[in-house]
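Only one structure is covered here, and it is reproduced in the block below.
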Amino acid sequence: MREDNVMELPFFLLVLEITFIVVGKAVHPGCECLIFSSTYSKEKAVFKSPDYPTPYSPNIDCLLYSFVSGPDEIIEITFEDFNVYRDKSDCLRGDYVKVFIHLDSAGINEYTPWETVYCGRMVDIPSVIYSSGPALVLEFHSGPRVTNTTGFTGHFKFIDKRVFHTEGVLLPNTMCDYQFQSSPEESAYGKFYSPRYPSSYPKNSRCSYRFRARYKERIRVVFEEVLLQKGDISCLNRADIIRIYDGKSTSDAVIRVLCNEGNELEVLSTGSELFIEFVANSNSPGQGFKARYQFQSMEETNTIDNSKYNRLGFLFPTEVGPSVSETRSSCDIIINSDTSKNGTIMSPMYPSPYPSKTTCRYEFQGRGKERVQVVFHDFNLYHVQDHSKDCENQDSLNAFVHIDGRMEKIDSFCGSTLPKPVMSNGPRLKLEFQSLYASRYSRGFNATYIFTDNFGIKTGTQVPDYPCAFELNSNVSKVGYFHSPNFPGVYPRDTECHYFFHGNPKEKVHLHFNYFDVEGVLPCEAISASDYVEFSNFIPRDRKYQRHCGQLKEFDIESDRKFFRVTFRSNDRLDGTGFNATYHFLNQVDMYTVIPKINGSKGCLAHSYLLLSMVLSTFLLMVRVP
Ligand SMILES: *[C@@H]1O[C@H](CO)[C@@H](O)[C@H](O)[C@H]1NC(C)=O
Ligand SMILES: *[C@@H]1O[C@H](CO)[C@@H](O)[C@H](O)[C@H]1NC(C)=O
Ligand SMILES: *[C@@H]1O[C@H](CO)[C@@H](O)[C@H](O)[C@H]1NC(C)=O
Ligand SMILES: *[C@@H]1O[C@H](CO)[C@@H](O)[C@H](O)[C@H]1NC(C)=O
Ligand SMILES: *[C@@H]1O[C@H](CO)[C@@H](O)[C@H](O)[C@H]1NC(C)=O
């Protein structure tokens with residue numbers, strides 16, 4: 001046996017005052033164990049690879065870091081530094097850390113499935129990981145190759161898992177189907193989580209969350225954090241997905257589809273029922289989601305409107321501009337889609353000149369999948385000459401939407417150029433009119449608003465299975481045009497729209513883009529934070545066509561056969577004005593067939609090894625098993 005173990009140990013032993021540590025040697029030669037238990041301490045403590053921060057030595061066959069918590073706890077591991085030698089793309093060929101997070105105890109053997117394998121740098125791994133149960137094991141392995149990689153360090157703590165309890169009633173004989181019923185006895189607020197949250201959700205799960213409000217109530221849900229399967233593909237082809245239906249089952253209209261990542265995403269039901277479905281079929285599950293819900297009285301929201309309305313003496317819906325209160329500073333209005341689906345907003349005293357030193361806020365509140373679109377008809381604000389081009393220090397109108405839980409300015413208008421239409425990215429939009437100077441020649445603005453389900457897209461037939469999808473059928477029209485949401489205005493953020501072209505047999509579709517401005521850089525991937533337009537002869541991605549983004553001159557694109565898909569996707573940053581294109585269904589189809597290549601799934605090479613299950617004793621001591 002290796003005599004030098006005694007000398008090595010102090011390097012990876014941590015100075016943990018109360019945390020229980022066992023250093024052991026498993027059956028397999030060279031297998032060392034470090035055990036961190038919460039038996040005596042819940043304090044945060046550190047762990048590190050051997051010799052950190054100097055490079056670790058080669059041939060560490062297996063070193064186990066076993067974390068064991070109390071029965072009502074889970075383990076949170078935070079990596080502060082990570083630098084483990086990576087051989088090409090496969091971690092198992094180089095040095096690696098195998099991660100076991102779904103364990104009932106710290107005992108693992110060669111048959112225990114690991115969740116993932118980490119290698120590379122900090123950017124290659126999630127910085128925080130959680131166990132789903134009372135144990136978590138990291139297995140560190142270094143191969144024969146001498147490298148100058150320094151290994152890893154981090155800290156861990158034990159957290160109470162009851163914090164992540166899903167309120168609501170788990171339906172009998174189901175894994176994760178919950179029902180939430182509003183009742184006078186129970187709280188109108190609560191939380192719900194994906195299975196095993198904050199650890200990763202199990203593969204092949206399907207969960208449902210059904211909300212039933214009482215009469216004159218609706219349901220508000222905010223997804224505080226969503227982290228599903230990674231990868232840069234549209235929600236159309238995701239194996240892990242959250243679908244939100246505006247009613248009691250999957251047969252109701254889809255309000256929103258969530259895949260990949262997001263923060264503080266808000267959904268409001270139209271009626272008193274809401275159904276959420278979470279499906280996970282990918283091989284690389286993410287962390288999942290955490291969300292809060294609220295049963296909200298419809299009267300409550302209307303009362304707020306009415307109090308505003310009474311206090312400020314507005315006519316509602318406003319057909320004249322908001323009157324300015326005595327202090328000449330407040331003229332705020334809330335426009336709720338329950339009250340009116342469309343109407344007019346104006347600057348105070350329009351079309352007479354607006355007063356100076358006035359701020360008016362116009363807050364729009366929609367529901368279901370409604371978006372707010374504001375279309376301007378007249379715009380005439382006083383503009384100080386010799387100022388910089390932007391609207392700073394000018395009389396202006398600013399548009400804000402909710403992004404990541406903040407109100408973020410998406411546009412700013414000043415002078416007398418008629419603004420393009422504005423659209424919200426969700427149920428809410430705020431416009432803020434700010435007059436600093438005013439002038440007797442400046443009329444202000446006049447605009448119409450509409451709460452719309454169709455994203456401002458009026459061609460084609462909207463399909464209910466997705467929030468924003470349109471079918472263009474050759475039987476309905478052989479020619480026509482289609483455009484991006486809110487065109488010719490800036491497209492909304494975090495929006496995915498599909499255009500499905502259905503021709504008759506022997507037809508194909510020809511598209512001509514006459515305008516194209518989609519924010520991004522080639523190859524239009526998520527890594528460059530690009531929005532994009534994707535083309536495909538199938539529902540899955542089609543390698544034949546590259547994604548399009550940027551500001552492009554006119555171009556043409558043609559399908560191979562009768563079906564064609566165009567997908568537009570925007571992220572939560574920077575916008576463009578989108579695209580406008582014409583389509584023609586043509587008759588002569590090339591009769592060759594392209595069979596799409598199915599990507600083979602990457603299998604992991606299973607290495608087998610033998611590890612001794614570790615049994616914890618309850619003493620506070622350090623043991624070295626010879
Ligand atoms: C580690 O080695 C690689 C190549 O062997 C070298 O490029 C890199 O700069 C080295 N890093 C450090 C921190 O010495
Ligand atoms: C506005 O609403 C009225 C009824 O409330 C409807 O008749 C009209 O068509 C709507 N206008 C638009 C532009 O949708
Ligand atoms: C708003 O402007 C349009 C276009 O200038 C005009 O037709 C309409 O009458 C205006 N609305 C009001 C209420 O003045
Ligand atoms: C067009 O109409 C015909 C006859 O009703 C039908 O068979 C065909 O499926 C329709 N084509 C499409 C693309 O819907
Ligand atoms: C989009 O293109 C079509 C066809 O060229 C055209 O009729 C339509 O006016 C365009 N839409 C806008 C808003 O420019």
Side-chain angles (χ1 to χ4, degrees), residues 314-323 333 335 340 342-354 362 373-381 397 413 416-423 431 433 442-450 452 454-461 463 470-491 497 499-518 533 537 539 552-557 559 561-566 568 576-587 589:
F314 297 152
L315 292 172
F316 193 84
T318 50
E319 278 304 331
V320 297
S323 52
I333 62 170
I335 299 170
S340 63
N342 65 35
T344 309
I345 56 163
M346 277 163 271
S347 49
M349 303 199 260
Y350 183 87
S352 305
Y354 55 85
Y362 307 79
Q373 189 182 38
V374 177
V375 179
F376 293 89
H377 303 291
D378 189 16
F379 199 84
N380 180 250
L381 305 189
L397 183 71
F413 310 110
S416 44
T417 314
L418 191 67
K420 301 260 178 66
V422 173
M423 183 175 278
L431 296 179
F433 171 64
S442 301
R443 294 187 301 280
F445 70 90
N446 145 7
T448 50
Y449 64 83
I450 179 165
T452 175
N454 69 14
F455 294 79
I457 300 167
K458 292 178 194 105
T459 56
T461 312
V463 282
F470 296 83
E471 203 171 87
L472 297 111
N473 192 309
S474 153
N475 280 352
V476 177
S477 179
K478 297 267 181 243
V479 297
Y481 69 93
F482 67 105
H483 54 69
S484 51
N486 195 41
F487 189 79
V490 164
Y491 51 72
C497 294
Y499 307 83
F500 301 114
F501 292 86
H502 294 282
N504 284 316
K506 301 200 173 162
E507 277 184 339
K508 60 180 177 179
V509 67
H510 179 99
L511 309 180
H512 176 77
F513 283 78
N514 54 48
Y515 182 87
F516 196 95
D517 170 29
V518 173
V533 173
N537 284 304
I539 290 289
L552 306 180
K553 294 204 181 77
E554 297 191 20
F555 64 92
D556 292 85
I557 272 212
S559 69
R561 284 172 308 278
K562 60 178 184 171
F563 175 78
F564 203 50
R565 167 173 72 84
V566 177
F568 163 84
T577 40
F579 65 84
N580 187 18
T582 54
Y583 66 87
H584 287 256
F585 285 98
L586 304 176
N587 237 323
V589 71

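Basis for what follows: all heavy atoms, side chains included, without hydrogens, waters or symmetry-related copies. First listed ligand is number 1; within each ligand, the first listed atom is number 1.
In summary, the atoms of ligand 5 found under 4.0 Å from a heavy atom of Thr582, numbered by their order in the structure, are 4 (C), 5 (O). Listed by atom number, the atoms of ligand 5 under 4.0 Å from Asn514 heavy atoms are 2 (O), 5 (O). Atom numbering of ligand 3 starts at 1 in the shown order; those under 4.0 Å from a heavy atom of His377 are 2 (O), 3 (C), 4 (C), 5 (O). Residue contact check: Phe487 has heavy atoms under 4.0 Å from atoms 12 (C), 13 (C), 14 (O) of ligand 5. Those atoms of ligand 4 with a heavy atom of Gly503 less than 4.0 angstrom away are 13 (C).
Looking only at distances, a side-chain donor or acceptor of Asn486 sits under 3.5 Å from a matching main-chain atom of Pro421. At least one donor-acceptor pair closer than 3.5 Å links the side chain of Asn380 to the backbone N or O of Arg443. With Ser442 contributing its side chain and Gly444 its backbone, the two residues share no donor-acceptor pair below 3.5 Å. Here the side chain of Tyr350 pairs no donor or acceptor atom with the backbone of Ile345 at under 3.5 angstrom. Put simply, the side chain of Arg565 gets close to the backbone of Ile539: a donor and an acceptor are under 3.5 Å apart. A distance-only check finds a donor-acceptor pair linking the side chain of Ser484 to the backbone of Phe579 [under 3.5 Å]. At distances below 3.5 Å, at least one donor-acceptor pair connects side-chain atoms of Asp517 with backbone N or O atoms of Thr577.
Where the criterion is an N or O separation shorter than 3.5 Å, residue side chain and backbone included, Tyr481 fails it with respect to ligand 5.
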| task | For side chain to side chain contact (heavy atoms under 4.5 Å, CB included), just list the numbers for Phe433 and Tyr354, CA-CA rounded to whole Å, side-chain angles, deciding distance to a tenth of an Å, and then say yes or no. | result | CA-CA 11 Å; Phe433 171 64; Tyr354 55 85; 3.7 Å; yes
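The nearest protein atom to atom 1 (C) of ligand 5, hydrogens excluded, is given as Asn580 ND2, 1.5 Å; this is a heavy-atom distance. When only non-hydrogen protein atoms are considered, atom 5 (O) of ligand 4 lies nearest to Asn475 ND2, 4.6 Å.
Across the listed options Val476, Leu472, Asn504, Asn473, Asn504 owns the non-hydrogen atom lying nearest to atom 11 (N) of ligand 4. For atom 6 (C) of ligand 3, the nearest non-hydrogen atom from the set Asn446, Ile345, Asp378, Leu418 comes from Asn446.
Atom 9 (O) of ligand 5 is not flagged as protein-proximal [any protein heavy atom, distance under 4.0 Å]. Protein heavy atoms come within 4.0 Å of atom 14 (O) of ligand 4.
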